[in-house]
Amino acid sequence: MNKSLQPDLLALVRDPIDPRTLIAHVRAAEDGAIVTFDGCVRNHSHGRRTLFLDYEAYESMALLKMREIAGQIHEQFPIHLVAIAHRLGRLEIGETSVFIAVSSAHRPAAFEACRFAIDTLKRTVPIWKKEYFEDGAVWADGEMPPAPLETRTAKPAS
Amino acid sequence: MNKSLQPDLLALVRDPIDPRTLIAHVRAAEDGAIVTFDGCVRNHSHGRRTLFLDYEAYESMALLKMREIAGQIHEQFPIHLVAIAHRLGRLEIGETSVFIAVSSAHRPAAFEACRFAIDTLKRTVPIWKKEYFEDGAVWADGEMPPAPLETRTAKPAS
Amino acid sequence: MAGRTCAGYNSLVSLSSQTARVKVLFFGRLKEIVGHAEDSVELPDGAPIEALFSHYGVNHPELARFRASLVASRNQEFAAWSTPLHSGDEVAFLPPVSGG
Amino acid sequence: MAGRTCAGYNSLVSLSSQTARVKVLFFGRLKEIVGHAEDSVELPDGAPIEALFSHYGVNHPELARFRASLVASRNQEFAAWSTPLHSGDEVAFLPPVSGG
């Protein structure tokens, strides 16, 4: 019922993420727990000093995958609402690249759902990060999304 | 090293908790993840409509126990900083009773430490909640802190 | 209420025994039963926390009902009921905690 | 680059075969190798995603090196390399993702 009145918030944004907007979105009088994850740009990566990052996304698919994550969370955990925002473009050290807020009546579901959301986002949402160092830039090592099984058409040996 | 420059923040407060203060306290350029837990006053408890809550604490001991939790977290998880604030006195529906923020280079430690902090706080920190309903007030069912083993002095049977 | 002697144990005090004055704190439900948050009690030096609790049971028999669900503390640390008390100690009787 | 025919598969097109025009997207490292983010390609109707990828390998042999670490998508869903393509499909070649 609440879901139809105030659905989950899923967004890709180019301006700085304001956590308060996402928290306000999920927070309601029936909730006893809100867990948030704030992923921010570290000043180092693999022992090297990071200057800044640049994120790009396959936006239409990324939003679909984020909505899938929200759906999985509601199926698996007794939560109230989830809000996920990922920023794209150039990000400076300390800025928030991804913010997730989950509200629930009780804390275990909020913790588990928030953790599931970021873990799944990092494996399945088509977003890429380029890391800029003093001596160059590299695309970050990423994770391979779970590939569908190949259904090979049987071919006669020729 | 960082710990001596900017130690963990542990507080009992009577005014509304501002999450931004706690988050700003733990957030630093070397952190890639900040996980927060916001415990807020639900509008219901055991199927009854809650009007408001009143929290009291054994303040000196509660602060010691909160500091112990911070120490345990640093021992058990590779985190950077933790901030814990618990509010006392009368709280209205939707207000934050406890807020925990944990920063870390990587997310697993931040999630696990934040969860450990709230779970341990609820078992060991001497704070009590009285719930006010339309038809009266009750002290919330609580959790028994882990009691020290009794070391009985052997007595001769008389 | 301050300054009372821990009556139940007066009989245990030999003439040469020292007495100890301890501060006692009550919280939550217990504070409501006992009627105050703080007390100061004189009892034989080395008497256990258990004896101090029994002392309050004389005037408030309903306390016994809560004994099994209480934890005691001495000087802001959880303490066994057998912990001996000395002058200047701060003892608290703590109902199940419900913070968070 | 738009409008090219998927050369490697022209030989498979019989005279009566239909062709399909698909949109192709490249991201991250792949975009830099291929030199553009978007392409439009005509290929035999029903040709697999694998064939479309091989087509780009002709001009960019270094793509082969990434094949094992790529996942393909068709119409915003992860898709097997054997997935047959039809007109109007949107195909993307996705390097390991690194959001968050």
Side-chain angles (χ1 to χ4, degrees), chain A residues 12 37-42 45 53-69 84-88 91 96-100 117-131 137-155, chain D residues 9 11-12 22-39 44-54 60 62-63 65-86 88-100:
Chain A
L12 295 170
F37 173 78
D38 182 340
C40 28
V41 180
R42 274 201 313 274
S45 178
L53 300 182
D54 197 72
Y55 283 93
E56 71 171 50
Y58 182 5
E59 298 195 28
S60 57
M61 183 172 173
L63 282 168
L64 282 173
K65 288 287 149 195
M66 286 160 73
R67 186 154 297 284
E68 262 183 44
I69 293 172
I84 308 177
H86 201 297
R87 193 162 158 206
L88 302 177
L91 272 81
T96 293
S97 54
V98 60
F99 194 92
I100 301 176
I118 183 61
D119 287 354
T120 309
L121 181 149
K122 282 179 165 268
R123 279 191 307 109
T124 67
V125 177
I127 297 177
W128 298 272
K129 170 169 69 176
K130 196 166 189 176
E131 301 177 303
V138 297
W139 289 99
D141 293 335
E143 298 195 50
M144 260 191 87
L149 283 180
E150 298 294 332
T151 51
R152 297 200 167 275
T153 313
K155 285 184 184 176
Chain D
Y9 278 77
S11 57
L12 297 178
V22 302
K23 184 174 170 185
V24 189
L25 303 173
F26 299 96
F27 293 97
R29 208 187 299 268
L30 290 193
K31 183 173 67 178
E32 293 174 352
I33 292 172
V34 175
H36 51 269
E38 196 176 323
D39 200 3
D45 184 61
I49 292 178
E50 182 80 62
L52 181 61
F53 187 73
S54 302
H60 308 285
E62 65 271 47
L63 281 178
R65 199 156 56 89
F66 295 101
R67 169 65 177 76
S69 67
L70 294 182
V71 172
S73 72
R74 178 180 154 273
N75 299 337
Q76 293 92 49
E77 285 296 340
F78 295 119
W81 291 88
S82 55
T83 307
L85 296 174
H86 304 289
D89 280 351
E90 179 176 291
V91 176
F93 297 111
L94 313 171
V97 300
S98 52

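To find a chain, count down the sequence lines: A is the first, B the second, and so on, and within it residues start at 1. All values derive from a computational prediction rather than experimental measurement.
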Max heavy-atom pair count under 4.5 Å with chain D, selected residue of A/Pro146, A/Cys40, A/Pro145: A/Pro145
Taking A/Ile127, A/Asp141, A/Leu53 one by one, which has the highest count of heavy-atom pairs under 4.5 Å against chain D? A/Ile127
For a quick test of reading the model, state the closest non-hydrogen atom pair linking [X] to [Y] and the distance between them.
| X | Y | answer |
| --- | --- | --- |
| D/Ala80 | A/Pro148 | N-CG, 3.6 Å |
| A/Leu64 | D/Gln76 | CD1-CB, 3.4 Å |
| A/Ser97 | D/Gly100 | OG-O, 3.2 Å |
| D/Phe78 | A/Thr124 | CZ-O, 3.3 Å |

Examine whether an atom of [X] lies under 4.5 Å from a heavy atom of chain D, and if so say whether it belongs to the side chain, the backbone or both; otherwise answer neither.
| X | result |
| --- | --- |
| A/Tyr55 | side chain |
| A/Ala57 | backbone |
| A/Arg87 | neither |
| A/Glu56 | side chain |

Specify which of D/Ala72, D/Ala37, D/Ala79, D/Ala92 makes the most heavy-atom pairs with chain A at under 4.5 Å. D/Ala79
Side-chain heavy-atom pair A/Lys130, D/Glu32 within 4.5 angstrom cut-off: yes
First locate atom CG of D/Leu70, then atom CE of A/Met144, and finally report the distance between them rounded to the nearest 0.5 Å. 7.0 Å
Which portion of [X] sits near chain A, non-hydrogen atoms under 4.5 angstrom:
| X | result |
| --- | --- |
| D/Leu25 | side chain |
| D/Ser73 | side chain |
| D/Glu77 | both |

If you count heavy atoms of other groups shown closer than 6.0 angstrom to CZ of A/Arg67, is the number above 12? no
Is there a donor-acceptor pair under 3.5 Å between the side chain of D/Ser98 and the backbone N or O of A/Trp128? no
